[in-house]
Colleague: 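Pasting in a structure now, in structure tokens, and then I'll have a few things to ask.
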2 protein chains.
Amino acid sequence: MENKRDHKLDNFFSYSFSLDCLIFGFQDGKINLLLVKRESEPFKDQWAIPGDLIYPDEDLPNAASRILKDLTSIEGIDLHQAQTFGNPARHPQGRVITSAYFALVRMDDLQEYARSWSDRIQWMPIYSIPRLSFDHNEIAISTFEVLKQKLTIYPIAFDLLPEKFTINNLQEIYEYAFQQDWDKANFRKKLKKIPLIKLNEKQKNVKHRPASLFKLDSEQLSKMIKREDYSFSLKIN
Amino acid sequence: MENKRDHKLDNFFSYSFSLDCLIFGFQDGKINLLLVKRESEPFKDQWAIPGDLIYPDEDLPNAASRILKDLTSIEGIDLHQAQTFGNPARHPQGRVITSAYFALVRMDDLQEYARSWSDRIQWMPIYSIPRLSFDHNEIAISTFEVLKQKLTIYPIAFDLLPEKFTINNLQEIYEYAFQQDWDKANFRKKLKKIPLIKLNEKQKNVKHRPASLFKLDSEQLSKMIKREDYSFSLKIN
DNA sequence: CTTAGATATTGTAAAATATACAACAACAAT
DNA sequence: ATTGTTGTTGTATATTTTACAATATCTAAG
């Protein structure tokens with residue numbers, strides 16, 4: 001097998017490895033994907049998923065963190081590997097294999113940032129993504145599927161929410177992700193296994209009964225995960 | 001970002017992309033992984049997961065199929081992408097990023113093949129994998145986790161079984177995968193949603209009541225999947 | 001031929017979960 | 001105070017899961 005090697009490595013783009021970082025945020029009932037406008041060819045001035053080539057001494061998770069940090073200044077959050085794409089035709093200038101990672105961020109933390117770059121970056125609801133550069137539409141769809149899968153198994157939806165949130169905020173994430181409604185009273189019961197702390201604080205500026213704010217009891221959650229006596233599974237349907 | 005490029009591509013091993021193909025088979029109540037003895041350095045004569053460099057004009061699924069076929073002559077079965085590994089130190093001779101794919105095969109179909117190559121290949125139960133070359137232990141563990149995950153959602157366990165099987169065969173796959181026992185009577189009920197055809201045939205050469213043989217109604221299953229009125233979820237615990 | 005040993009298969013009651021929806025609570029606006 | 005709106009709790013019912021009894025069907029031993 002090994003004698004079949006016939007790779008052309010004479011120029012940079014003949015064979016390269018990149019990483020795309022899909023940054024998801026939640027606002028106004030919608031899950032959004034952060035897109036950047038490309039500054040160079042190919043696909044100059046078109047929307048794309050932020051990414052970069054992997055550095056020679058860099059592990060994949062490091063590259064993902066770096067790309068996230070360079071773009072948003074966010075550090076120290078979980079990054080999840082999704083699929084890897086290697087179609088020989090996916091990059092017009094040569095063979096670029098790319099791994100998709102995704103991060104779930106709190107959009108509130110990025111308001112100021114978003115304004116300052118408003119002409120080069122854009123949040124787009126995941127169900128309204130425009131045509132993107134390269135095969136980035138395929139990557140977006142595939143990665144969102146991975147995200148949805150993880151949402152049913154792990155309590156990662158909290159990463160999209162501010163520290164203090166209402167039960168309904170959480171429900172909106174699931175309803176938007178799965179394009180499906182749940183009964184409010186019953187959705188609440190699905191959360192019984194997740195350690196939530198009910199705060200002595202309420203939602204403000206709403207013109208109806210304000211909802212209680214909760215926060216995730218992360219310590220308790222880690223303990224439960226460590227003990228393996230935890231299993232969240234959100235049954236869809 | 002793009003001006004930070006400083007990749008050394010002067011020799012083949014400075015930056016390369018490979019694919020490892022994890023072939024799982026089921027026999028005697030155990031899920032096995034197919035290992036090959038390396039024929040060249042590094043790790044010459046040590047066990048490894050079969051893999052190869054990706055060809056320049058080859059998509060990832062193609063490379064996975066090729067590796068599977070070269071090794072086993074098996075064609076036309078599903079291949080599943082698992083995780084991609086890119087630690088800069090994972091290959092002693094240079095930077096090799098690798099994607100793991102896995103396939104579920106019928107070991108019966110490979111008996112003859114396995115004998116003819118018996119000194120260079122080996123089936124090892126997934127819970128008894130010896131020390132492997134490179135970071136292949138990590139890859140094996142990670143990929144088996146992906147497999148387990150898929151086992152809870154998709155009816156892929158059938159790919160490991162001969163066309164005709166008993167309910168107990170199926171149960172053994174799950175029990176070995178999750179290292180956990182199920183009540184036989186109840187396990188049977190979990191399968192209600194899967195379209196199985198009960199054959200007029202029974203298990204032979206057993207010294208007790210022989211079990212009925214079943215086969216998967218693949219046509220019906222595809223229809224159900226197409227209609228999206230299908231959801232298999234095997235609750236662990 | 002009969003019986004013991006083993007596992008297969010079906011059935012069923014009890015327990016646990018999920019669902020539908022009623023009832024009430026707490027706020028803003030009028 | 002009243003209405004509108006959504007939050008929250010409670011509860012009866014339906015559904016699913018679990019535990020386990022009962023019976024079936026084979027081999028092997030006597």
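Just so we're on the same page: letters track the sequence lines, and every chain starts at 1. What you see is a predicted model, and the numbers here were worked out from it, not measured in a lab.
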Colleague: Please give, in whole Å, the distance from dA8(C) P to L213(B) CG?
Modeller: 12 Å
Colleague: Tell me the interatomic distance from K193(A), atom NZ, to dA18(C), atom C1', rounded to whole angstroms.
Modeller: 11 Å
Colleague: Only pairs at least two apart or in different chains count here, so list each salt bridge (Lys or Arg N to Asp or Glu O under 4.0 Å) that has a residue in residues 140-158 of chain B.
Modeller: E145(B)-K148(B)
Colleague: Applying side-chain hydrogen bond (donor to acceptor under 3.5 Å, both in side chains), name anything that partners N32(B), two or more places apart in sequence or on another chain.
Modeller: none
Colleague: Between A185(A) and S233(A), name the one whose nearest nucleotide on DNA chain C is closer to the 5' end.
Modeller: S233(A)
Colleague: Nearest whole Å is fine: how far is dA23(C) C1' from N186(A) CG?
Modeller: 15 Å
Colleague: Applying ring pair (Phe, Tyr, Trp, His ring centres under 6.0 Å), name anything that partners F134(A), two or more places apart in sequence or on another chain.
Modeller: F43(A), H91(A), H136(A)
Colleague: Side chain of K184(B): nearest nucleotide among dT8(D), dT18(D), dT9(C)?
Modeller: dT9(C)
Colleague: Starting at CZ of R188(B) and ending at P of dT7(C), how long is that distance when rounded to a whole Å?
Modeller: 15 Å
Colleague: K198(A) side chain N/O closer than 4.0 Å to the phosphate oxygens (OP1, OP2) of dT9(D)?
Modeller: yes
Colleague: It should be established whether N168(A) places a side-chain nitrogen or oxygen under 4.0 Å from OP1 or OP2 of nucleotide dG7(D).
Modeller: yes
Colleague: Between dC20(D) atom P and W182(B) atom CH2, what is the distance in whole Å?
Modeller: 18 Å
Colleague: For DNA chain C, what residues of residues 149-160 of chain B have any heavy atom nearer than 4.0 Å?
Modeller: none
Colleague: Sequence neighbours left out, what passes ring pair (Phe, Tyr, Trp, His ring centres under 6.0 Å) with Y127(B)? Give chain and number order.
Modeller: F144(B), Y176(B)
Colleague: Taking atom types as they are modelled, would you say the side chain of K189(B) forms a donor-acceptor pair with the base of dT15(D) within the 3.5 Å cutoff?
Modeller: no
Colleague: Whether S212(B) contacts dT9(C) is assessed here as follows: a side-chain N or O lying under 4.0 Å from the phosphate OP1 or OP2. Is that the case?
Modeller: yes
Colleague: CD of E201(A) versus C1' of dC27(C): gap in Å, rounded?
Modeller: 16 Å
Colleague: With sequence neighbours left out, which residue pairs that include part of residues 159-184 of chain A fulfil the salt bridge (Lys or Arg N to Asp or Glu O under 4.0 Å) condition?
Modeller: K164(A)-E201(A)
Colleague: Tabulate protein N/O versus nucleotide N/O from nucleotides 26-30 of chain D, keeping only pairs under 3.5 Å, one per line.
Modeller:
{"unit_1": "dC26(D)", "atom_1": "O2", "unit_2": "R209(B)", "atom_2": "N", "d": "3.2"}

Colleague: Enumerate the ring-ring contact (aromatic ring centres under 6.0 Å, His included) contacts for residues 61-83 of chain B, please, sequence neighbours excluded, ordered by first and then second residue.
Modeller: H80(B)-F102(B)
Colleague: Taking all non-hydrogen atoms of both residues into account, name the closest pair between G86(A) and L60(B) and its distance.
Modeller: CA-CD1, 3.6 Å
Colleague: Just how far, in rounded Å, is P of dG7(D) from CG of D183(A)?
Modeller: 12 Å
Colleague: Looking only at heavy atoms, what is the nearest atom pair of Q203(A) and P210(A), with distance?
Modeller: O-CB, 3.2 Å
Colleague: Does any pair with a residue in residues 209-227 of chain B pass salt bridge (Lys or Arg N to Asp or Glu O under 4.0 Å), and if so which ones, sequence neighbours excluded?
Modeller: R227(B)-D229(B)
Colleague: Can you measure K204(B) atom NZ to dT25(D) atom P for me and round it to whole angstrom units?
Modeller: 17 Å
